Amino acid sequence: MQKLFFNLTDMCRSIALLFILFVVCTAYGQQHFLAEHPRLLFTKAETLGIKELIKNNPQAHELAEFLKAKADSLASVPQKAYQMDKYGNMLWTSRAYVQRLGTLALAYRIYGGQKYLDAVNTALLWVCAYPDWDPKHYLDTAEMATAVAIAYDWLYDVLPQTTKDIAKRCLYERAITLVLREYEKGGPGSWAKRETNWNVVCNTGMTLAALAVAEDYPQETATILDNAARYMPNCLKHFAPDGVCYEGPAYWGYTNRYLSMYLKAVTDNGGDKGRIAQLPGISRTALYQIRTLTPSGHPFYFGNAGIGHESFGGPAYFFYGKMFRQPEVSAWNRNEVTKALRGADLFDQVFFLSLPWFDDTSSKEASAVPAMEVYHNKINDIVVFNGDRNKRGSLYLVAKGGLPNQAHQHMDCGTFIVESDGVLWTEDLGADDYDLPGFWDGKPGGQRWKYFRNNNFSHNVINIDHSLQYANGHAFVCEEHPEAKQPFAKLNLCEVYKEKAKSVYRKFTLLNNRTMEVEDEVELLDAGSKVSWVAATKADVEVNGDKAHFMRNGKHFYMQIVAPVGAVFKTYPARNTYKGEKPIEGITMLEAECPFKGTNGKVTVRMSSKSF
């Protein structure tokens with residue numbers, strides 16, 4: 001009887017095990033990936049169409065020749081040593097290999113040529129011979145995995161088998177096994193699960209690595225696809241509802257380079273089962289990004305935004321233009337590609353994807369730009385004003401709310417930039433050196449706020465008693481009237497100044513095409529407190545009492561203090577406050593001390609391309 005019991009028990013266990021295996025195998029069987037290589041980002045089936053596009057579209061042809069010349073150069077560039085930079089990571093090495101391997105592999109696919117294949121083979125063996133891909137700073141691993149996955153997949157049919165075996169082993173040991181462990185054991189702050197750009201970049205890199213070797217590791221690939229779709233919304237929820245990347249334009253570019261690769265890869269290999277593309281704000285994010293550029297194309301460099309090329313999102317615009325049927329986005333990016341072809345410094349490690357993702361969909365005649373738009377976001381509301389762009393002297397202004405204690409944020413709540421006639425009249429100084437002591441200490445009173453670029457003293461805001469904005473305070477749009485004859489939006493800054501004021505509101509009003517008014521309504525806690533209005537500029541400035549005259553590139557701009565009576569402008573050069581900060585050159589600070597009678601008062605400044 002006892003023997004029969006154990007036999008029945010064993011049988012039950014066997015049946016249970018078989019059932020589990022059936023369920024698992026069925027689940028894995030539902031994860032479809034293309035049987036043939038290339039399957040990542042630029043599939044085998046798409047190759048002929050791109051070659052035809054190169055023949056028939058002059059810009060695509062010029063882009064192909066540009067990338068071929070870049071590949072010719074990269075084929076002879078020495079390999080990079082395994083070496084950490086001053087930040088203790090090798091992120092720029094990984095990015096360099098994304099660019100190198102992607103560009104060389106693309107050149108081989110379009111033109112053939114043994115030198116491109118040999119260069120890819122050499123670079124693959126080189127990076128796979130590194131001791132590791134710096135997993136302690138997992139962005140480095142994610143980007144190197146991206147580089148190796150693309151090269152392995154795109155040239156799968158022609159690479160030596162020994163090289164493919166080495167690359168496959170590295171992808172498995174240095175990426176796949178690590179991310180599987182992270183999904184299982186990593187906490188909410190893990191690089192795979194956190195709420196910043198790291199999440200999207202790392203999960204995309206791991207998705208590409210897994211799909212590249214999916215036929216060898218189908219179960220692991222299925223697990224990675226499931227978990228990437230599960231955790232990426234932790235970051236992307238912050239794009240709701242209107243597409244704002246609260247981390248700033250540089251991190252918009254970084255996040256969307258990788259998000260677009262993720263969406264292309266999963267769409268081609270079983271579909272976007274996590275419905276990531278349908279998350280609130282994702283379909284609008286490219287439109288948001290281009291519509292918050294000034295008419296001359298200058299980004300609003302808020303937060304830790306590097307001044308220069310970092311905000312360029314590259315091929316992501318083509319991908320979004322196609323996916324969301326937004327020809328305006330693709331048309332804008334074709335102009336950006338032209339700038340790159342003419343020598344503009346727009347480094348983007350995945351720029352090579354501009355060719356296989358090229359979108360030549362014609363855009364209808366642009367409709368009139370709205371006089372005011374608000375892009376809502378739980379951390380950084382963005383407000384945009386446009387004068388009539390067909391009229392000389394018309395203004396453009398973009399302003400923001402904020403929450404300084406969030407990732408990559410500054411004490412810049414209420415700041416703005418303004419442009420007319422192609423000249424930017426107020427500035428945001430962008431990011432400082434990430435290696436500064438205490439740079440990431442963003443709590444109230446934290447070391448981060450002693451650095452000039454990070455605090456409110458460098459931004460276009462009001463200051464009270466020369467004190468810091470409150471790091472845990474949230475500033476947001478509390479009132480908006482885009483339909484008004486004189487459109488206006490009001491920011492609630494009460495929390496940001498709560499240590500010095502009972503309430504603070506900043507109102508932006510487009511009085512006419514050429515004139516903006518900025519009004520700060522303040523109720524102080526102490527009648528003895530002093531309020532000052534500050535702006536940073538690269539222009540030459542002449543001040544005369546309550547008036548300021550800006551001159552730059554042969555153009556002119558004007559500001560006037562309307563209230564309070566008796567307030568006057570002064571200027572002084574912007575200066576670093578601590579050793580090690582990035583040098584500040586050519587920035588003039590314009591400031592007005594504004595006396596109040598009692599605790600309540602208003603500071604009203606008008607700005608215009610027309611003299612007052």
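For the single chain, residues carry numbers from 1 onward in sequence order. Because the structure is a prediction, the values reported are computed rather than measured.
- How far CG of Asp268 is from CG of Leu34: 6.0 Å, rounded to the nearest 0.5 Å.
- Between Ser362 and Pro327, the closest heavy-atom pair is O-CB, 3.7 Å.
- For the residue pair Ala340 and Phe66, the shortest heavy atom distance occurs at O-CE1, 3.7 Å.
- For Trp252 and Tyr317, the ring centers are positioned less than 6.0 Å apart.
- The closest side-chain heavy-atom distance from Tyr97 to Met90 is not below 4.5 Å.
- At least one side-chain heavy atom of Asp433 sits under 4.5 Å from a side-chain heavy atom of Tyr87.
- The ring-ring contact (aromatic ring centres under 6.0 Å, His included) test with His408 is passed by exactly one of Phe302, Trp440, Tyr246: Trp440.
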Point to revise | Lys164 and Asp216: CA distance, side-chain angles, deciding distance, salt bridge (charged side-chain N to carboxylate O under 4.0 Å, His left out) verdict | key: CA-CA 12 Å; Lys164 290 194 292 184; Asp216 296 289; over 6 Å; no
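- Salt bridge annotation for Lys55-Glu52: present, with a cationic side-chain nitrogen under 4.0 angstrom from a carboxylate oxygen.
- The one candidate from Trp198, Tyr434, Trp92 that meets the ring-ring contact (aromatic ring centres under 6.0 Å, His included) condition with His137 is Trp198.
- No donor-acceptor pair under 3.5 Å is formed between the side chain of Ser73 and the backbone N or O of Ala69.
- Of the possible polar contacts, one joining the Asp441 side chain to the Gln447 backbone as a donor-acceptor pair under 3.5 Å is found.
- Between the side chain of Arg291 and the main chain of Glu373, no donor-acceptor pair closer than 3.5 Å is present.
- When the shell of 6.0 Å around NZ of Lys378 is examined, it contains 12 or fewer heavy atoms from other residues, nucleotides or ligands.
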Practice item. Could you please spell out the steps behind the side chain to side chain contact (heavy atoms under 4.5 Å, CB included) verdict for Phe319 and Leu353? Key: CA-CA 10 Å; Phe319 179 80; Leu353 288 173; over 6 Å; no
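- Around NZ of Lys70, the count of heavy atoms belonging to other residues, nucleotides or ligands within 6.0 Å does not exceed 12.
- Minimum heavy-atom separation, Ser260 to Tyr320: N-OH, 4.0 Å.
- Under the 4.0 Å criterion applied to side-chain N and carboxylate O atoms, Glu336 and Lys339 are assigned as salt-bridge partners.
- One N or O on the side chain of Gln326 and one on the backbone of Ser283 form a donor-acceptor pair closer than 3.5 Å.
- Qualifying side-chain contact (heavy atoms from CB on, under 4.5 Å) partners for Ser330, counting only residues two or more places apart in sequence or in other chains: Phe318, Arg334, Asp359.
- Between the side chain of Glu247 and the main chain of Asn197, a donor-acceptor pair closer than 3.5 Å is present.
- Atom CD of Gln83 has 12 or fewer heavy atoms from other residues, nucleotides or ligands within 6.0 Å.
- At distances below 3.5 Å, not a single donor-acceptor pair connects side-chain atoms of Asn405 with backbone N or O atoms of Gly442.
- With hydrogens and angles left out, the side-chain atoms of Gln409 and Asn380 include a donor and acceptor closer than 3.5 Å.
- Of all heavy-atom pairs between Tyr108 and Gly113, the closest is CD1-O, 3.2 Å.
- No donor-acceptor pair under 3.5 Å is formed between the side chain of Trp133 and the backbone N or O of Glu143.
- A 4.5 Å side-chain heavy-atom check between Phe239 and Arg284 finds every atom pair outside the cut-off.
- The CG atom of Leu178 lies 7.0 Å from the CH2 atom of Trp191; values are rounded to the nearest 0.5 Å.
- For Lys400 and Asp428, the salt-bridge test fails: no basic side-chain N is under 4.0 Å from an acidic carboxylate O.
- His37 and Asp153 form a side-chain donor-acceptor contact under 3.5 Å, judged by distance and modelled atom types alone.
- Salt bridge annotation for Asp134-Lys136: present, with a cationic side-chain nitrogen under 4.0 angstrom from a carboxylate oxygen.
- Taking the side chain as every heavy atom from C-beta outward, Asp165 and Thr162 never approach each other to under 4.5 Å.
- Thr93 contributes atom OG1, which lies 11.5 Å from atom CD of Gln79 (distance to the nearest 0.5 angstrom).
- Lys193 and Asn234 make their closest contact through O-ND2, 2.7 Å (heavy atoms, listed as atom of the first residue, atom of the second, distance).
- Smallest separation of non-hydrogen atoms from Gly303 and Asp412: N-OD2, 3.6 Å.
- Close placement of the Tyr172 and Tyr217 rings is indicated, their centers lying within 6.0 Å of each other.
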Practice item. Could you please spell out the steps behind the side chain to side chain contact (heavy atoms under 4.5 Å, CB included) verdict for Thr146 and Thr204? Key: CA-CA 8 Å; Thr146 297; Thr204 297; 5.6 Å; no
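- Remark: the Tyr254 side chain and the Gln349 side chain contain no N/O donor-acceptor pair separated by less than 3.5 Å.
- Screening Thr338, Asp360, Leu53 for a side chain to side chain contact (heavy atoms under 4.5 Å, CB included) with Gln59, the sole residue that qualifies is Thr338.
- At distances below 3.5 Å, not a single donor-acceptor pair connects side-chain atoms of Thr285 with backbone N or O atoms of Gly281.
- Here the CG atom belonging to Asp72 is positioned 11.5 Å from the OG1 atom belonging to Thr103, to the nearest 0.5 angstrom.
- In terms of modelled atom types and a separation under 3.5 Å, the side chain of Asn199 and the main chain of Arg194 share a donor-acceptor contact.
- Side chains of Thr196 and Cys235 form no contact here, defined as non-hydrogen atoms less than 4.5 Å apart.
- Here CZ of Phe352 is found 8.5 Å from CG of Leu101. Values are rounded to the nearest 0.5 Å.
- Looking only at atom types and distance, the side chain of Tyr183 has a donor-acceptor partner in the side chain of Asn203 under 3.5 Å away.
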Check your understanding: Do Tyr116 and Leu155 pass the side chain to side chain contact (heavy atoms under 4.5 Å, CB included) test, and can you show the C-alpha distance, the side-chain angles, and the key distance before you say yes or no?
Key -> CA-CA 10 Å; Tyr116 302 131; Leu155 302 190; over 6 Å; no
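- Here CZ of Phe324 is found 10.0 Å from CG of Leu287. Values are rounded to the nearest 0.5 Å.
- Donor-acceptor pairing under 3.5 Å is lacking for the side chains of His61 and Asn56.
- In this structure the side chain of Tyr288 reaches within 4.5 angstrom of the side chain of Ile382, judged on heavy atoms.
- For residues 36-46, the pairs satisfying salt bridge (Lys or Arg N to Asp or Glu O under 4.0 Å) are Glu36-Lys44, Arg39-Glu215, Glu46-Lys264, with sequence neighbours left out.
- Leu293 places a side-chain heavy atom less than 4.5 Å from the side chain of Pro299.
- Classified by interplanar angle (parallel below 30°, tilted 30° to 60°, perpendicular above 60°), the ring pair Tyr130/Trp126 is perpendicular.
- Under the 4.5 Å side-chain criterion, counting only non-hydrogen atoms from C-beta, Leu125 is in contact with Ile166.
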Practice item. Decide side chain to side chain contact (heavy atoms under 4.5 Å, CB included) for Arg169 and Arg174; before the verdict, give the C-alpha distance in whole Å, the side-chain angles of both, and the deciding distance to 0.1 Å. Key: CA-CA 8 Å; Arg169 185 178 71 247; Arg174 300 182 181 186; over 6 Å; no
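- Remark: Lys322 NZ is packed, more than 12 non-hydrogen atoms of other residues, nucleotides or ligands lying under 6.0 Å away.
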